[in-house]
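Quick notes on the structure that follows.
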Amino acid sequence: MDDFSDRIIDWQRRHGRHTLPWQNTHDPYRIWLSEIMLQQTQVATVIPYYERFLQRFPTIVDLARAPEEDVMALWAGLGYYSRARNLHACARRVDTEWNGRFPPDAAAIAELPGIGRSTAAAIAAFAYGERSPILDGNVKRVFARYFGIEGDPTKRPVEMRMWALAETHLPPPGPDAADAMRSYTQGLMDLGATLCTRGNPDCGVCPVRAGCVALREARQHELPTPRERKAVPERRTGMLVIEKAGEILLQRRPSPGIWGGLWSLPEFPGDDAAAACLTLGVTAAAAARLPTFSHGFTHFKLHIEPWHVQAGALALRDDGVPQIWLPAGELEGAALPAPVKKLLQGLFRRGELL
DNA sequence: AAAGCGGGGAT
DNA sequence: ATCCCAGCTTT
C-alpha cells in the first residue's frame, strides 16, 4: 500500500477540480485535445478554444480531414503554432493508421506527433485508466521536494530518477486501479499547479506534508534545484541616434528576426559613428558617445553603444531598408523595441533631444 | 526582466 | 541517443 498515492487520490477527490469540460469524458480525442492545449496555456484561456474545436471538429476524423488553414485559424491566439500543425498531423495519422481510433496504450500514443512520454501517459490514464506515470514540470517540482531530490530535473540523470520514482509510486494494481489512476494523475497535476507552486508553496494544507523531505528540512525554496544558467553569448553593436530638426532617423527591422517589423535605430558594427553615418548618406556635424547599456534576450545579451549625431548634409541612400524621420514628440506611440524606446525617451526627458 | 516549459529538431 | 532551442507565459 502506498501512502503517497493514497493521499494524493483522497485529496484530489475532495479538493480537486471535477467540472472542467474535458473531465466529463473518457474520449481520448477530447482528452488529447485538452492536454495539447493545456501544455502551453492556462485553463481559463483554453476552455473557449476547446469548445470551439469540438463544435467545428466533433471527431478526430473531422479534424484530420479539415484543411490545415482551418485548424490554424481556430488555433489563432493560443500561440505555439507548431503544436497546432502537430495536432493536425497527429489527427491525420490516427485517421489513416489507426482507423480514426486513438491507439490503445501510452506507448503507441507516444509515437504520434506532438505527444511525448508524459502527455501520452496522461491521455492513457484519463481515457483508459492505464497505469502509466506522467512527469511534467509540475510533477518534477512535487517530486524534487517530496523526495528531496537535488539537481536540475531537466538533466538526464535526475530525470531518470524521477521517472523511476514515478513508476514506483503509482497507485497499486487492483480492481479500482483505473479510477485510482485517473484521480492520482489529476491530483499530481492539481497539487503542482495549486499548492506546490514554484514561488510560494502552501505546505500547511498539503496532503503529503507529513512525508515531504523539503518541508521537514525547510528547503521548499531551494528545491527543485534551478537549472544552471548557462552563460549567454554576448554581442555588441553601435547604434545611431541621428537627429535632424528635432526628428530621429529610424529603420524598419527585417522580419523575421530580432525585433522583426519594429522601427529601430540604425546599427553599425565598429566604433566609427561618422563613417557609419556616411554609408547612410548622412554627414555628421557632431557625434558624441552616449553611455553603453545592455539588453538581455533569450539566447544572448546585447551591449548597445549608442552615439548621438547631429546631421549635417543629407543625401539618404535608398538601400531597400524602409526609413522614417520620427519627431521626438511622437516617441510615446511608436512601435520601437523596449530598450530603444527607453534610450530615446531618456534623452528626450533630459532635454538632450530637441 | 528573468525563469519555466514538453516536444521537436539538430548534432 | 543526447542536448538545445522557440516562443510564449508567469512571477
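Only heavy atoms go into these numbers, but all of them, side chains included; no hydrogens, no water, no symmetry mates. Please read these numbers as outputs of a predicted model, since none were measured by experiment. Numbered from 1 within each chain, the chains take letters A, B, ... in sequence-line order.
Here the rule is side-chain hydrogen bond (donor to acceptor under 3.5 Å, both in side chains) with Q23(A), and of R182(A), R17(A), R30(A), Q186(A) only Q186(A) fits it. For the side-chain contact (heavy atoms from CB on, under 4.5 Å) criterion with L240(A), the lone passing option out of L280(A), L249(A), L265(A) is L280(A). Each of F53(A), F126(A), W22(A), F102(A) was compared with W32(A) under the ring-ring contact (aromatic ring centres under 6.0 Å, His included) criterion, and only F102(A) meets it.
A donor-acceptor distance shorter than 3.5 angstrom exists from the side chain of T279(A) to the backbone of A276(A), with no hydrogens or angles considered.
R145(A) has no carboxylate O lying under 4.0 Å from a charged side-chain N of E222(A), or vice versa, which leaves the two without a salt bridge. Using a 4.0 Å cut-off between charged side-chain N and carboxylate O, E167(A) and R117(A) make a salt bridge.
Going from atom NZ of K140(A) over to atom P of dG4(B) covers 12 Å, rounded to whole Å.
You'll find the side chain of P266(A) stays beyond 4.5 Å of the side chain of M239(A), heavy atoms only.
No contact: R85(A) has no heavy atom under 4.0 Å from any strand.
Classified by interplanar angle (parallel below 30°, tilted 30° to 60°, perpendicular above 60°), the ring pair F147(A)/H169(A) is tilted.
In this structure, the ring of Y49(A) has its center no less than 6.0 angstrom from the ring center of W75(A).
Against DNA chain B, the stretch residues 149-165 of chain A makes no heavy-atom approach under 4.0 Å.
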H308(A) and E352(A): side chain to side chain donor-acceptor pair (under 3.5 Å), yes or no, with the steps? CA-CA 9 Å; H308(A) 192 182; E352(A) 294 173 37; 5.2 Å; no
What are the atom names and distances for every N/O pair under 3.5 Å that joins the protein to nucleotides 7-11 of chain B?
from, atom 1, to, atom 2, distance (Å)
dG7(B), OP1, G116(A), N, 2.7
dG7(B), OP1, T119(A), N, 3.2
dG7(B), OP1, T119(A), OG1, 2.5
dG7(B), O5', G116(A), N, 3.2
dG8(B), OP1, G114(A), N, 2.2

For nucleotides 9-11 of chain C, list the nitrogen or oxygen atoms of the protein found under 3.5 Å from its nitrogen or oxygen atoms, one pair per line.
from, atom 1, to, atom 2, distance (Å)
dT10(C), OP1, Q42(A), OE1, 2.4
dT10(C), OP1, Q42(A), NE2, 2.7

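An OP1 or OP2 oxygen of dC5(B) is reached within less than 4.0 angstrom by a side-chain nitrogen or oxygen of R141(A).
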